[in-house]
4 protein chains.
Amino acid sequence: MSYAVGILGASGYTGAELLRLVAAHPELSVRTVTAESNAGAAVGDVYPSLAAHYRDVYYAPTEAAAVAGCDVVFCCLPHGASQRLMGELLDTAVPHVIDLGADFRLPADQYATWYGHDHEAPELLGRFAFGMTELFRDEVKSATHVANPGCYPTAASLALAPLLAHHVVEPRGIVVSAASGVSGAGRSLKLTSHFSEVNENVSAYGLLSHRHTAEIELALTHVAGEPVTVIFQPHLVPITRGILASCFARPAVDSVDSLDTPTLLELYRAYYADEPFVLVTEEPSGTKATYGANAVHVTVRFDPRTNTVLAFAAEDNLVKGASGQAVQNANLVLGLSEQLGLSTIGVAP
Amino acid sequence: MSYAVGILGASGYTGAELLRLVAAHPELSVRTVTAESNAGAAVGDVYPSLAAHYRDVYYAPTEAAAVAGCDVVFCCLPHGASQRLMGELLDTAVPHVIDLGADFRLPADQYATWYGHDHEAPELLGRFAFGMTELFRDEVKSATHVANPGCYPTAASLALAPLLAHHVVEPRGIVVSAASGVSGAGRSLKLTSHFSEVNENVSAYGLLSHRHTAEIELALTHVAGEPVTVIFQPHLVPITRGILASCFARPAVDSVDSLDTPTLLELYRAYYADEPFVLVTEEPSGTKATYGANAVHVTVRFDPRTNTVLAFAAEDNLVKGASGQAVQNANLVLGLSEQLGLSTIGVAP
Amino acid sequence: MSYAVGILGASGYTGAELLRLVAAHPELSVRTVTAESNAGAAVGDVYPSLAAHYRDVYYAPTEAAAVAGCDVVFCCLPHGASQRLMGELLDTAVPHVIDLGADFRLPADQYATWYGHDHEAPELLGRFAFGMTELFRDEVKSATHVANPGCYPTAASLALAPLLAHHVVEPRGIVVSAASGVSGAGRSLKLTSHFSEVNENVSAYGLLSHRHTAEIELALTHVAGEPVTVIFQPHLVPITRGILASCFARPAVDSVDSLDTPTLLELYRAYYADEPFVLVTEEPSGTKATYGANAVHVTVRFDPRTNTVLAFAAEDNLVKGASGQAVQNANLVLGLSEQLGLSTIGVAP
Amino acid sequence: MSYAVGILGASGYTGAELLRLVAAHPELSVRTVTAESNAGAAVGDVYPSLAAHYRDVYYAPTEAAAVAGCDVVFCCLPHGASQRLMGELLDTAVPHVIDLGADFRLPADQYATWYGHDHEAPELLGRFAFGMTELFRDEVKSATHVANPGCYPTAASLALAPLLAHHVVEPRGIVVSAASGVSGAGRSLKLTSHFSEVNENVSAYGLLSHRHTAEIELALTHVAGEPVTVIFQPHLVPITRGILASCFARPAVDSVDSLDTPTLLELYRAYYADEPFVLVTEEPSGTKATYGANAVHVTVRFDPRTNTVLAFAAEDNLVKGASGQAVQNANLVLGLSEQLGLSTIGVAP
């Protein structure tokens, strides 16, 4: 059978990526797509890349009623919009919502701390599982709705999870230095997405204050069973897609004598042995290895000279970091095979 | 049923792209891949993008015997190598060969003119159809083996074919000004593929002498039924994938009074009405609309002010310009649906 | 002595480039810079690249009075703004204005044709020389004010000028296929300057209607002494700076028998023998050879096979295509050496 | 007066950049340039960007005798070559050598540790000052010859120097996560400089073992007066020029209570108050702010939440990270003003 898909906010980058991914999925088919300023336009006029496949599909205005009757609704709205729309949406008897925004990822107090204002629909937070699938699979499977995690958190958390699950490193003060492509900032116009400003440029941003910090700490605290803190420093690099997370941690007191790189690689391979979308590599992969694919490549090192553990992850921020993981979560809540319709092969070169 | 695929020269870019495409094809499965300098290596070590899917697949040394027993063999060898290997390969009882190199595209005299030396296996030329599928479909369907065309010729010929089929433009002195991404030059090391030389740079090359000129003229002469000549000027632009062909022709004497853009667009839509991989667009698509997809987007204009017809085509040089069209041709020679396993959706943004 | 410089609209890209170039000029020094939305900001906060040199320089609001007392004023305002401001500006007793916008380049009738509305200050048009320096040097030298030409017209006209001056080619229907970096569209926000849309993309735009066509025809008609028409097709490529113009013309009836490439190259070398900023090269230069430099590299070919003359030019659109040529023109109107303060060396790689 | 300059290995990127910079220097003029495989070629044929300025300058074969009589010789040879040539070169009575390679930067024991073999001319090491100008100015001024530091070490050391000079942070286990453009790997051909491999890709490399680690530790130990260790992780990003260093350190026990960002910024401003080429910025600059300029932009933060000090530096690896700093050092050893001929303005956008 085929499940009917609705996408709210389908003219943004994560929405367009969902349209690409759903087209290759044997059990999902798009019923409704909505947009705000692009309402009324043909999908193929906004995204010529989708024109040949989605002939005669048009954006409806974004409202909860538009997706009534869909089996699963992907919510790709600007930050804040989904917490305003969600009550009505859940009342519309939509069986499953996968929210790709940041509105339903954090507990209410964490949300207020990192976003600077109170959550507008805190009573709905409990109805969403945090959809970092590999680390919260049981929660997702038993959930009705899913809050899909951010792009940076997915990369950083999967890079570090085996270390924290096994208490190999100190849980405090882990350094996450990450780089992201420009698509992570979306399709809206801003100077920091202007080609002439970004091209031939690498810059640090969000110093001390990037909101994804909270999601990384949430995921790793869950894995570690004890509080984890990270100092997360994002960088903007002139690529469209891709996130690379380079992480630096100090060995836990108990582990330092036995640490070496082969042991850590073995630990990673065991931890991710059954994960179809996580590849443990000997050498660190570049982001391009995952271009367009629902895949994270991770590796790990121990540096005895400086007593540091290094962990690395590469992903496509629009796929495993957003829309691909959303499909992965949709597969789970629909009871389908988790891998269905998702490719691990990067478009490279 | 599933057909066994062999790929000779699978460590180059067109070979790697075939591995990506075949993985998504329901009726093809890779049996053998070969390489020269990478023989013995794991596919996933040479292409981390393929590592998760092709675990434990290794490159065998390139030789005809390696692909014995395969149902279809894609030949992705450096220029000249396939004409030396082809005799033995055809003797190996391989049912179908799709040659992605330039060795079997041109008649022997044309080959000698443009390549500056005699063909080494002219007796085999007649066994290959010229695989520009949309323009030579009957030939491909009835052929055993296929010479897959070059990347530029595919874009330029599909941009211009309706004009020449309908004798709308003068067949002589058509200007084709095209731009290609760097992957078209392959994976081998050369200064003109060095990032620091190519990045933030646009340059013209191959002045008056690019060998793809002959293929464009071959295809368009076939379509027009009279000799066509083009002045083809390629440019190198700092993208990895993508070809844009901008073509300029003078109206034929008989057609000039009745020409206008809407009529031409209608003519294009009719000409390509049944083509799944050619999209006629109102506005000219950028190359990125076809990134990773087996698709060509074309459009056309008439400029009454200067009495010029303009035609445009965008494609991914590694897909519709190479490996995607090769799969399209393989589908035909194997008697499968031409569209099987091929997506028209570009990875964009 | 040192001349006081005012720059109206100095927070845009051509204004910022003027600040860079003037800093290296021994006889010019910046007195006043103005901006609209950035008024009040420090130059170094808007352009960190200028911060170390222009400490404590702030943008004043854009108005004619702000530059009173300057010896030369560069006008870098958005299209349309300078024709509204110019009357007042010239009344302010500014000795010399170099307008980098398009407002004072074309005669009133041509302006109306290409811009779709009447010029608002046609009575001032006669006070401006068209500042394509190499082709209009006498006019610039004897002028008080200069309308600096567009970026594409500079490249295309200098590529073709020797052919038309010597009547080597037919003056009608010349094809100019050109590619530009994104900075040519300025610093304002638009989807076609969004990194994720432009990167890994090449696209044609402005079909049949780009306004620079009129400037190319104006310049070449001036050179040829007879009407010249061009079909001008611009393309957007993922570079920040750089224009490459590839031009295709048919030989004039009288010249065709004697044409060959060496003769044409010799003709170009003679034509540009005394030009410090035009380099005739044997092989076509890429745009990067001119990155940041006030230089145009040109070359030429004759293709006997298709009876076509090809001419190529590469430049940095922000320098020789805008601010560099503006300084070159300022040197002339101020009676300085034309080369003063201008480098021909590109920042490459 | 004008000093005669020789450049050994002037067909590589740092050599070409020296040619660009020396052309703008009022007291230096190029007498001799040498190359290996490009010997005999015109400079302008290898670097069209230099063609207009260096007409009729040809590469001589690389040998010490070629630069006899020069006042200052810049040595831009491949790693290892300068230690083999240096004895003869110093015997040739060249007054001053600025070596841009890595051969004379480290003490013999450190050299052996990081390069895996003994130094071939250890007796000459003492004749070179380590030319990280801002931190070793007295040594450079009193030196005859200078070993110009690496690109990463310049950025990282200038980012961190104020913290270590004032003992604000723990000197052990400082994390330096840095990104570099591709030109840092030089002009030689390698897969990791291939456009199709680098473009749209970000990757970590040199895990635990990058040789620049030793230079960073050397410089910071000098500044701190006590041993400093860093874990240095470089990344390759798809830009031609530019290095961004993001550094993470733990506060020293004594300093932690009094730390805050404004205090640290004040400390940085004071430390670099008299430095013309170091700009302390409020917000972190991207690398493009320094494109083509001899400038480093630094900033600093304290994160009380995780108890971490962050320091950032941006530079152009070919200028302040190589050839620009080499000219800065040449100015010092020649007794010229340190700033002479060097611009701090980046070519941006």
Side-chain angles (χ1 to χ4, degrees), chain C residues 12-14 16-17 19-24 26 42 44-45 47-55 181-183 186-187 193 199-200 238 240-241 275-297 299 314 316 318-319 343-349, chain D residues 12-14 16-17 19-24 26 42 44-45 47-55 181-183 186-187 193 199-200 238 240-241 275-297 299 314 316 318-319 343-349:
Chain C
Y13 286 158
T14 56
E17 189 68 358
L19 285 169
R20 183 176 77 84
L21 295 171
V22 169
D45 286 342
Y47 288 97
S49 56
L50 299 168
H53 189 90
Y54 290 100
R55 294 183 199 241
V182 183
S183 66
R187 195 174 189 245
S193 295
N199 188 43
E200 272 290 296
T240 303
R241 293 163 175 251
E275 295 297 344
F277 299 117
V278 184
L279 185 72
V280 180
T281 60
E282 188 82 19
E283 296 302 318
S285 285
T287 55
K288 203 171 187 175
T290 65
Y291 204 90
N294 198 56
V296 177
H297 291 202
T299 195
D316 182 327
L318 288 182
V319 191
S343 171
T344 62
I345 299 185
V347 182
Chain D
Y13 286 158
T14 55
E17 189 68 358
L19 285 169
R20 183 176 78 84
L21 295 171
V22 168
D45 286 343
Y47 288 97
S49 56
L50 299 169
H53 189 91
Y54 291 99
R55 296 183 198 243
V182 183
S183 66
R187 196 174 187 245
S193 296
N199 189 42
E200 273 288 297
T240 304
R241 293 161 176 252
E275 294 296 346
F277 299 118
V278 183
L279 186 72
V280 180
T281 61
E282 187 82 18
E283 295 302 317
S285 284
T287 57
K288 203 171 188 176
T290 65
Y291 204 88
N294 198 57
V296 177
H297 291 203
T299 196
D316 181 327
L318 287 180
V319 191
S343 171
T344 61
I345 299 185
V347 182

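Computed from a prediction, not measured in an experiment: that's the story for all the values here. Throughout, a chain's letter reflects where its sequence line sits, starting with A, and its residues are numbered from 1.
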Novice: I'd like to know if the side chain of C:R20 and the backbone of D:G346 have a donor-acceptor N/O pair within less than 3.5 Å.
Specialist: no
Novice: Relative to chain C, which segment of D:T290 carries a heavy atom at a distance below 4.5 Å: side chain, backbone, both, or neither?
Specialist: neither
Novice: Going from NE2 on D:H53 to CG on C:L279, what distance comes out if it is rounded to the nearest 0.5 angstrom?
Specialist: 13.0 Å
Novice: Quick one: what part of C:A348 sits under 4.5 Å from any heavy atom of chain D, side chain, backbone, both or neither?
Specialist: both
Novice: Quick one: what part of C:F277 sits under 4.5 Å from any heavy atom of chain D, side chain, backbone, both or neither?
Specialist: neither
Novice: Select one option (side chain, backbone, both, neither) describing which atoms of C:T240 are under 4.5 Å from chain D's heavy atoms.
Specialist: side chain
Novice: Roughly how far, to the nearest 0.5 Å, is the CG atom of C:D45 from the CD atom of D:E282?
Specialist: 9.0 Å
Novice: Does any backbone or side-chain atom of D:A295 lie under 4.5 Å from a heavy atom of chain C? Answer side chain, backbone, both or neither.
Specialist: neither
Novice: Could you tell me which of D:I345, D:N199, D:T344, D:T281 has the largest number of non-hydrogen atom pairs under 4.5 Å with chain C?
Specialist: D:I345
Novice: Please look at C:E283 and chain D and tell me whether the side chain, the backbone, both or neither of the residue comes under 4.5 angstrom of a heavy atom of that chain.
Specialist: neither
Novice: Chain D heavy atoms under 4.5 Å from C:R187: which part of the residue, side chain, backbone, both or neither?
Specialist: neither
Novice: Check whether any side-chain heavy atom of D:R241 sits under 4.5 Å from a side-chain heavy atom of C:P349, and report yes or no.
Specialist: yes
